Amino acid sequence: MIQLDQVVKRYRTRAGRHTVLDGVSLSVSKGDKIGILGRNGAGKSTLIRLISGAELPTRGTIVRGMSVSWPLAFGGAFQGSLTGIDNVRFICRVYDSNFKDALPFVEDFCELGKFLKEPVKTYSSGMRARLAFAISMAIEFDCFLIDEVISVGDTRFHEKCRHELFDKRRDRSMIIVSHEARNIREHCSRACVLTDGQLREFADVDTAYAHYQAA
């Protein structure tokens, strides 16, 4: 289970402290598919980064009783001076995963070819996203964090990503954050709305979306 208890996140700005999340609580059990709706700037990406461990809360607790992915297609953990292959090796070591098993999958899935032997700092944003998504699928997690729509590459590659994540890993927990309901309706059984730093949970996606539109 993943448990958020009264999580607060504040950032320093020139105008003073800005509160993005103000007492957010959430429980995620094994196999749960939870959608979080919120407008641009509501704090959805911040919430996902906190759950992943990429950032720490200002106050409150986050307990992770299952393995949690980084936000999918998020390449912020890459070391730019290392090659794609070396980044795969490094991330496998961090997550205690077998590099020799992961590399063939990453090579085949990301379709970067010879560029895997080049420094990641020379990659385009799309290439970095392909590599990050491929590594996310090569290392097995109990819960996948999805920030907005998975839109990596062209339509063919996009569908390849969707099949790998939503079909092959349908038994995993997922938290999907978005400002629109299509993907949440398609993949989630529970939904929340994030507004004014508060997270409100609803019994079903349609009720959550109706509240979201009316807010």
Side-chain angles (χ1 to χ4, degrees), residues 1-28 32 34-64 68-81 87 91 94 120-129 131-133 136 141 143-152 173-185 187-188 190-202 205 207-215:
M1 176 177 284
I2 300 170
Q3 185 76 45
L4 282 71
D5 184 23
Q6 293 297 309
V7 170
V8 174
K9 184 61 179 179
R10 296 190 179 102
Y11 293 100
R12 294 182 182 274
T13 70
R14 292 183 178 181
R17 284 183 172 267
H18 173 62
T19 300
V20 179
L21 303 174
D22 190 10
V24 167
S25 296
L26 179 68
S27 295
V28 183
D32 278 352
I34 300 176
I36 299 176
L37 287 158
R39 304 195 185 281
N40 290 333
K44 303 185 302 298
S45 295
T46 298
L47 179 59
I48 281 289
R49 290 196 300 271
L50 290 171
I51 295 172
S52 74
E55 290 191 40
L56 297 175
T58 304
R59 193 170 69 240
T61 59
I62 301 175
V63 178
R64 302 172 191 85
V68 181
S69 78
W70 53 84
L72 296 198
F74 170 66
F78 289 142
Q79 170 53 250
S81 60
N87 270 281
I91 293 172
V94 169
V120 169
K121 65 184 178 183
T122 66
Y123 288 12
S124 67
S125 59
M127 292 167 68
R128 290 170 64 96
L131 179 59
F133 191 89
S136 303
F141 296 102
C143 180
F144 287 94
L145 306 178
I146 304 165
D147 192 351
E148 294 293 350
V149 181
I150 299 298
S151 55
V152 180
S173 301
M174 294 183 188
I175 302 173
I176 303 175
V177 300
S178 182
H179 64 273
E180 58 90 28
R182 183 175 62 85
N183 282 278
I184 290 178
R185 278 198 179 105
H187 301 293
C188 298
R190 295 165 54 194
C192 305
V193 176
L194 181 60
T195 181
D196 296 326
Q198 302 287 322
L199 188 68
R200 180 177 177 185
E201 186 167 355
F202 294 84
V205 175
T207 303
Y209 192 61
H211 177 85
Y212 170 66
Q213 286 185 307

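Being a predicted model, the structure only gives us computed values, none of them experimental. This chain uses plain numbering: 1 for the first residue, then up along the sequence.
Atom CG of residue L26 and atom SG of residue C192 lie 5.5 Å apart, to the nearest 0.5 angstrom. Atom CE of M127 sits about 6.0 Å away from atom OG1 of T122, to the nearest 0.5 Å. With values rounded to the nearest 0.5 angstrom, D22 atom CG is found 12.0 Å from L199 atom CG. In this structure, the separation between CE on M174 and CD1 on I34 is 12.5 Å, given to the nearest 0.5 Å.
For D5 (side chain) and G60 (main-chain N/O), no donor-acceptor pair under 3.5 Å exists by modelled atom type. In this structure, Q198 contributes its side chain and G23 its backbone to no donor-acceptor pair below 3.5 Å. A donor-acceptor pair is defined here as one N or O able to donate and one able to accept, closer than 3.5 Å; no such pair exists between the side chain of S27 and the backbone of Q3.
Below 30°, between 30° and 60°, or above 60°: for F141 and F144 the angle between ring planes is above 60°, a perpendicular geometry.
When every heavy atom of N87 is checked against every heavy atom of Q79, the shortest pair comes out as OD1-N, 2.9 Å. Between L194 and K44, the shortest heavy-atom distance links the atoms CD2-N, 3.7 Å. Summarising the geometry of G197 relative to V24, their closest heavy-atom pair is O-CG2, 3.6 Å, with the distance given to 0.1 Å. The two atoms that bring I48 and L145 nearest to each other are O-CD1, 3.7 Å, heavy atoms only. Nearest heavy atoms, S52 versus S69: CB-O, 3.7 Å. Smallest separation of non-hydrogen atoms from C143 and I2: SG-CD1, 3.8 Å.
Checked against S178 for a side chain to side chain contact (heavy atoms under 4.5 Å, CB included), the options I36, I146, I184, D147 give a single hit: I184.
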TODO: Could you check W70 against I91 for side-chain contact (heavy atoms from CB on, under 4.5 Å), going step by step and ending with a plain yes or no?
DONE: CA-CA 11 Å; W70 53 84; I91 293 172; 3.8 Å; yes
- [ ] Could you go through the side-chain contact (heavy atoms from CB on, under 4.5 Å) check for R190 and V28 one step at a time?
- [x] CA-CA 10 Å; R190 295 165 54 194; V28 183; 5.6 Å; no
- [ ] List the steps, then state whether side-chain contact (heavy atoms from CB on, under 4.5 Å) holds for I62 with R64.
- [x] CA-CA 7 Å; I62 301 175; R64 302 172 191 85; 3.8 Å; yes
TODO: Take T195 and R39, measure what side-chain contact (heavy atoms from CB on, under 4.5 Å) needs, and give me the verdict at the end.
DONE: CA-CA 8 Å; T195 181; R39 304 195 185 281; over 6 Å; no
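Under the 4.5 Å side-chain criterion, counting only non-hydrogen atoms from C-beta, R10 is not in contact with H18. Counting only heavy atoms from C-beta outward, the side chains of L4 and L50 never approach each other to under 4.5 Å.
Judged by the 6.0 Å distance and 45° axis criteria, R200 is not positioned over the aromatic ring of Y212.
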